[in-house]
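Naming: A, B, ... by sequence-line order, numbering from 1 per chain.
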Amino acid sequence: MGPFQSDFLRILNERGYLHQITDETSLDANAHSQVMSGYIGFDATADSLHVGNLVQIMLLRRFQQAGHRPIVLMGGGTTKVGDPSGRDETRQLLTEQQINANIAAIRQTFARFLDFNDGPTGAVMVNNDDWLKDLQYIAFLRDVGRHFTINRMLTMDSVRLRLEREQPLTFLEFNYMIMQGYDFVELFKRYACTLQMGGSDQWGNIVQGVELGRRKAEAQLFGLTSPLITTSSGAKMGKTASGAVWLSAHRLSPYDYWQFWRNTEDADVGRFLRMFTDLPLSEISRLEQLKDADINVAKQVLATAATRLCHGDAQAELAAITATRAFGGAAAEGLPTFILKAGEPVQVIDVAIALGMASSKSEARRLVEQGGVRLNDQPVRGPNASISEADLDGAGTARLTVGKKRHGLIRRG
RNA sequence: GGAGGGGUACCCAAGCGGCCAACGGGGGCAGACUGUAAAUCUGCUGGCUUAUGCCUUCGUAGGUUCGAAUCCUACCCCCUCCA
């Protein structure tokens with residue numbers, strides 16, 4: 001692809017965000033000559049986004065950096081219906097209050113990545129419930145449904161694959177692409193939004209929106225997708241011991257977020273630096289050259305830069321310092337901390353649970369038995385070992401470690 | 001509406017009266033090796049006052065039996081084919 005004259009596409013291309021574009025040349029020209037508005041849709045099913053959403057968030061960020069206006073579309077309306085995919089028991093439907101609370105919480109995260117000012121390139125957050133909730137079925141079919149042919153929809157990958165594998169596809173799901181196409185046209189009308197971005201799995205839906213725009217609004221709309229991000233080992237990004245890698249601090253501490261990036265596989269470091277940090281490309285290519293143990297430096301840079309974007313400078317610095325100390329064998333601020341009351345020894349097992357290192361006594365006991373737990377770098381002998389003031393150092397702290405990566409602090413109360 | 005098939009732990013998937021807290025994968029955790037990497041090997045992977053112990057779990061509720069994930073009854077949900 002390329003070369004591009006617009007800053008926007010050039011940057012996306014250099015940093016590895018491009019997968020497909022509907023009309024590369026025209027989009028490039030538009031992005032070069034005018035301030036565009038572009039959007040990406042997000043779920044409102046949880047009160048926090050996770051790393052899996054990060055590429056999309058970064059796309060909007062790049063878009064704004066390149067002098068355009070990013071629109072965050074929250075799927076409040078579609079969330080109300082509930083995503084029927086997956087065969088688990090019917091997902092509980094969220095109430096409007098829950099959805100609105102989720103949207104408010106998610107907005108906090110976006111405020112880190114985007115600038116919601118009142119200027120021409122200020123970010124905007126909208127909820128598709130605003131227009132979906134009042135839709136009339138008949139009117140919708142007549143105005144929008146007529147522009148979609150079943151023939152075409154059946155050829156879309158998302159539909160075809162399901163049918164080929166003889167997996168169920170509900171009518172509701174089948175309608176998702178129509179709703180999404182409608183969103184695009186609605187955003188065009190309300191915000192002169194002419195670009196929809198998304199992950200590569202959204203390509204079909206995005207294209208439908210582009211086509212609907214042409215037929216219904218006689219507008220040229222654009223679609224752009226980013227590649228699906230997996231780790232070099234092929235795993236989907238964003239899973240850790242404790243579940244999803246959340247972007248909200250109340251779900252995952254900045255320290256743990258930093259750790260997530262610090263543990264990036266060697267082969268992914270360059271790619272992640274380009275996509276998930278604002279570091280200049282020259283700096284990145286230098287870091288990328290590092291080999292063997294030296295590449296750990298690059299991982300630290302990645303972790304701090306990525307955490308900075310999501311949680312701010314102060315939290316990122318703190319996480320970096322905490323990590324250096326903790327892994328260097330010292331007790332450190334910022335780790336989960338257990339307060340030891342004077343004269344009350346506590347079982348190691350209970351402390352491990354309190355620090356979130358084990359979810360049950362059985363698990364904690366197992367960890368100890370397998371030699372996975374250390375107190376001040378000394379292996380904990382038996383499952384009945386306890387911690388008392390004698391274990392604290394001069395500063396009144398002790399360190400509990402599980403495995404190689406998880407550290408906790410014990411402090412005099 | 002009719003006829004079949006199915007619901008098992010985080011996921012997939014065995015088991016089809018006792019030896020089942022439940023084979024085997026995957027994932028995850030821990031150990032070894034390392035660089036807080038990858039790959040590889042080993043162990044663990046329901047809970048409890050660690051116990052040749054107890055409790056809870058095989059869609060839900062009952063029942064048969066000394067004993068059930070396994071048999072019976074009803075109900076709920078899913079899938080396939082026919083109408």
> Do A/D294 and B/G35 share a donor-acceptor pair, side chain to base, under 3.5 Å?
Replying inline: no
>> Tell me if the aromatic rings of A/F4 and A/H32 count as close, with their centers under 6.0 Å from one another.
In response: no
>> Using OP1 and OP2 only, check whether a side-chain N or O of A/R366 sits under 4.0 Å from B/C44.
In response: no
> Roughly how many Å is it from CD in A/E265 to P in B/A37, rounded to a whole number?
Replying inline: 11 Å
> In whole Å, what separates the C1' atom of B/A74 from that of B/U64?
Replying inline: 15 Å
> What does B/A32 pair with, Watson-Crick or G-U, if both distances are under 3.5 Å?
Replying inline: B/U40
> Is there a Watson-Crick or G-U wobble partner for B/A68 with both distances under 3.5 Å, and which nucleotide is it?
Replying inline: none
> Given atom NZ of A/K299 and atom P of B/G35, what is their separation to the nearest angstrom?
Replying inline: 12 Å
> Roughly how far apart, to the nearest Å, are B/U49 and B/C19 at atom P?
Replying inline: 26 Å
> Can you tell me how far P of B/U36 sits from CZ of A/F260, to the nearest Å?
Replying inline: 19 Å
> If we call it a pair only when both distances are under 3.5 Å in a Watson-Crick or G-U wobble match, what pairs with B/A83?
Replying inline: none
>> Measuring only the P atom in each nucleotide, how far is B/C72 from B/A39? A whole number of Å is fine.
In response: 47 Å
> From the list B/G35, B/U50, B/A37, which nucleotide is the closest neighbour of the side chain of A/N296?
Replying inline: B/G35
>> Among B/A30, B/U36, B/U50, which nucleotide has an atom closest to any side-chain atom of A/L367?
In response: B/A30
>> What's the gap between B/C54 and B/U70 when it is taken at their C1' atoms, as a whole Å value?
In response: 24 Å
> Whom does B/G17 pair with, Watson-Crick or G-U wobble, provided both distances fall under 3.5 Å?
Replying inline: none
>> In this structure, how many angstroms lie between the C1' atom of B/G35 and the CG atom of A/N263, rounded?
In response: 11 Å
>> Would you measure the distance from the C1' atom in B/G46 across to the matching atom in B/G2 and give it in whole Å?
In response: 42 Å
>> Restricting to non-hydrogen atoms, name the atom on A/G209 and the atom on A/F184 that form the minimum distance, rounded to 0.1 Å.
In response: C-CD1, 3.8 Å
>> Using a 6.0 Å distance limit plus a 45 degree cone around the ring axis, check whether A/R262 lies over the aromatic ring of A/F327.
In response: no
> When the ring centroid of A/Y39 is compared with that of A/Y191, is the distance short of 6.0 Å?
Replying inline: no
> Does the side chain of A/R262 get closer than 4.0 angstrom to OP1 or OP2 of B/G35 through an N or O atom?
Replying inline: no
>> Please report the distance, rounded to the nearest Å, between CZ in A/R365 and P in B/A30.
In response: 19 Å
> Given the P atoms of B/C78 and B/G62, what is the spacing between them in whole Å?
Replying inline: 23 Å
> Quantified in whole Å, what is the P atom distance between nucleotide B/G25 and nucleotide B/A14?
Replying inline: 15 Å
> Looking at the side chain of A/W258, which of B/U36, B/U50, B/C48 is the nearest nucleotide?
Replying inline: B/U36
>> As a test of reading the structure: which of B/G47, B/G43, B/C29 is closest to the side chain of A/Q370, going by heavy atoms?
In response: B/G43
> Where the side chain of A/K405 is defined as all heavy atoms beyond and including C-beta, which of B/A30, B/A37, B/G35 is the nearest nucleotide?
Replying inline: B/A37
>> Distance check needed: B/A37 P versus A/W261 CH2, whole Å only.
In response: 17 Å
> B/U36 P sits how many Å from A/D256 CG, rounded?
Replying inline: 18 Å
> Across the strands shown, which category fits A/K404 at heavy-atom distances under 4.0 angstrom: base, sugar-phosphate, nothing?
Replying inline: base
>> With rounding to the closest Å, how many angstrom separate the P atoms on B/G31 and B/A38?
In response: 14 Å
> Run the side chain to side chain contact (heavy atoms under 4.5 Å, CB included) check on A/F276 and A/L309 step by step: do they pass?
Replying inline: CA-CA 9 Å; A/F276 301 117; A/L309 283 181; 6.0 Å; no
>> Both A/G403 and A/A267 contact RNA chain B. Which one's nearest nucleotide lies toward the 5' end?
In response: A/G403
> In Å, rounded to the nearest 0.5 Å, how long is the span from CG of A/L49 to CD1 of A/I57?
Replying inline: 5.0 Å
> Shortest non-hydrogen contact from A/Q5 to A/D28?
Replying inline: N-OD2, 2.9 Å
> Which of these passes side chain to side chain donor-acceptor pair (under 3.5 Å) with A/D278: A/R61, A/R308, A/R15?
Replying inline: A/R61
> Which sits closer to the 5' end of RNA chain B, A/R374 or A/I353, going by the nucleotide each is nearest to?
Replying inline: A/R374
> According to the Watson-Crick and G-U wobble definitions, with both distances under 3.5 Å, which nucleotide is paired to B/A61?
Replying inline: B/U73
>> Over all strands shown, is A/A323 touching base, sugar-phosphate only, or nothing at heavy-atom distances under 4.0 angstrom?
In response: base
>> Classify A/Q259 by what it touches in the nucleic acid, base, sugar-phosphate, or nothing, heavy-atom distance under 4.0 Å.
In response: base
>> I want to check one thing: is the phosphate of B/U49, taken as OP1 and OP2, less than 4.0 Å away from some side-chain N or O of A/K361?
In response: yes
> Rounded to whole angstroms, how far apart are CZ on A/F272 and P on B/A38?
Replying inline: 12 Å
